[in-house]
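A quick write-up on the structure given underneath.
No experiment lies behind these values; they were computed from the predicted model shown. Whatever order the structure lists ligands and atoms in, that order sets their numbers, starting from 1.
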Amino acid sequence: MGSEVDAPAVDSTKVVNGCLSNDKKVTVVFVLGGPGSGKGTQCANIVKYFGFTHLSAGDLLRAEIKSGSENGTMIQNMIKEGKIVPSEVTVKLLQRAMQESRNNKFLIDGFPRNEENRAAFEKVTGIKPEFVLFFNCSEEEMEKRLLSRNEGRVDDNNETIRKRFKVFVESSIPVIEYYDAKSKVRKVDAGKSIDEVFEAVKSIFTPAN
Ligand SMILES: Nc1ncnc2c1ncn2[C@@H]1O[C@H](COP(=O)(O)OP(=O)(O)OP(=O)(O)O)[C@@H](O)[C@H]1O
Ligand SMILES: Nc1ccn([C@@H]2O[C@H](COP(=O)(O)O)[C@@H](O)[C@H]2O)c(=O)n1
Ligand SMILES: [Mg+2]
């Protein structure tokens, strides 16, 4: 029998065993922190300085709503309620975005949000993060930032912000603790100015001599 027949089927749209379909190894940094802690703002800086591609799980979900996907209404309702969308949906979007990218270094922002996200991503892609960048910020400061963000997001209102904070404490902090137990968390004081926070971020991404 020829090797073509024996070879396992590989879905070229997927990242499996930690590799893209061209066999390039994938490097992933998870970027976590409460709503409004500055994940998106700092990721934009990291992209410029360190050549990563930024994938925001929230942005991918919002794009999925706009695309008219069959999951659009469900995703919209979950975001409005500050709830976490089923991992199957989010992992597929992340996997597709990584495969479509020409880069192999990704900042995955706002993911994993809960234990289900974490386990599903690892099982499906085979990727373990290099480290987890954690933006630590008080709720008072995060609330102030979210209420003055003015991007027209359906979840930037007092009622949804309360729910998002609760989900962060109950579901996302345990994920940070999981990685902390593996010494993978790099914690940054995100309550400072954007420039000060980026100075701390730079020192994390700059390899020591
Ligand atoms: N260090 C900072 N000091 C003051 N304002 C900031 C700081 N970092 C970000 N901001 C502002 O706070 C708002 C929220 O920032 P950003 O969108 O980066 O947060 P996020 O963590 O991605 O939030 P979300 O989880 O809701 O997507 C934005 O308007 C941004 O300009
Ligand atoms: N892993 C994720 C990430 C996000 N969501 C939903 O999107 C909302 C907005 O996310 P941001 O990171 O842009 O703040 C979030 O509150 C969730 O409803 C998700 O379900 N899973
Ligand atoms: Mg964001």
Side-chain angles (χ1 to χ4, degrees), residues 28 30-48 54-66 69 71-95 97 106-122 124-125 129 132-176 188-202:
V28 160
F30 288 144
V31 183
L32 296 177
S37 57
K39 301 180 294 297
T41 303
Q42 295 300 330
C43 282
N45 286 334
I46 300 166
V47 165
K48 279 193 219 144
H54 175 208
L55 299 179
S56 155
D59 287 350
L60 289 170
L61 290 166
R62 284 182 283 273
E64 189 69 358
I65 297 169
K66 277 205 188 136
S69 140
N71 287 321
T73 307
M74 177 274 289
I75 297 171
Q76 172 83 355
N77 291 337
M78 301 288 273
I79 289 181
K80 226 173 169 178
E81 286 303 310
K83 292 185 179 160
I84 299 171
V85 172
S87 302
E88 189 196 347
V89 173
T90 316
V91 170
K92 251 187 212 153
L93 294 174
L94 287 168
Q95 207 180 16
F106 300 98
L107 295 170
I108 301 196
D109 159 4
F111 185 97
R113 279 289 227 281
N114 61 8
E115 170 57 21
E116 191 212 8
N117 272 185
R118 188 202 66 71
F121 183 83
E122 197 175 309
V124 169
T125 67
V132 175
L133 186 60
F134 168 40
F135 291 115
N136 189 40
C137 195
S138 69
E139 287 193 358
E140 190 189 3
E141 175 65 21
M142 293 193 290
E143 180 175 5
K144 202 171 73 188
R145 292 179 189 176
L146 292 173
L147 291 175
S148 54
R149 180 155 57 181
N150 277 328
E151 286 180 3
R153 277 178 52 162
V154 294
D155 52 351
D156 280 350
N157 58 77
N158 273 312
E159 196 187 336
T160 315
I161 288 169
R162 294 267 81 72
K163 294 178 181 171
R164 291 161 73 197
F165 284 169
K166 191 166 188 289
V167 168
F168 177 68
V169 170
E170 290 177 358
S171 303
S172 309
I173 294 226
V175 175
I176 295 164
V188 172
D189 178 358
K192 297 183 175 169
S193 73
I194 292 175
D195 288 349
E196 285 171 313
V197 175
F198 191 53
E199 282 309 308
V201 168
K202 266 200 262 184

Give the residue, atom name and distance (to 0.1 Å) of the protein heavy atom nearest atom 3 (N) of ligand 1.
Arg145 NH2, 3.4 Å

Atom 31 (O) of ligand 1 has as its nearest protein heavy atom Thr41 OG1, 4.1 Å

Identify the protein heavy atom lying closest to atom 22 (O) of ligand 1, giving its residue, its atom name and the separation to 0.1 Å.
Gly40 N, 3.0 Å

Are any of the N/O atoms on Gly110, whether in the backbone or the side chain, positioned under 3.5 angstrom from an N/O atom of ligand 2?
yes

Residue, atom name and distance, where the atom is the protein heavy atom closest to atom 7 (C) of ligand 1
Ile194 CG1, 3.4 Å

More than 12 heavy atoms of other residues, nucleotides or ligands under 6.0 Å from NZ of Lys83: yes or no?
no

Nearest-neighbour protein heavy atom for atom 7 (O) of ligand 2, which is reported as residue plus atom name and distance
Ile79 CG1, 3.6 Å

Name the closest protein heavy atom to atom 25 (O) of ligand 1, giving the residue it belongs to and the distance to 0.1 Å.
Lys39 NZ, 2.7 Å

Is it the case that Ser193 and Glu196 place a side-chain donor and acceptor less than 3.5 Å from each other?
yes

Going by heavy-atom distance to atom 14 (C) of ligand 1, choose the closest among Arg149, Glu151, Arg164.
Arg149

protein heavy-atom neighbour closest to atom 19 (O) of ligand 1 works out as Gly38 N, 3.3 Å

Would you mind checking which non-hydrogen protein atom is closest to atom 5 (N) of ligand 2, with the distance to 0.1 Å?
Leu61 CD1, 3.4 Å

Shortest protein contact, atom 10 (O) of ligand 2 (heavy atom only):
Arg113 NH2, 3.2 Å

For atom 14 (O) of ligand 2, what's the nearest protein heavy-atom neighbour? Residue, atom name and distance, please.
Arg153 NH2, 3.0 Å

For Asp155, is at least one N or O under 3.5 Å away from an N or O on ligand 2?
no

Side chain, backbone, both or neither: which part of Leu146 has a heavy atom under 4.0 Å from ligand 1?
side chain

If we set the cut-off at 4.0 Å for heavy atoms, which region of Val167 has an atom near ligand 2: side chain, backbone, both, or neither?
neither

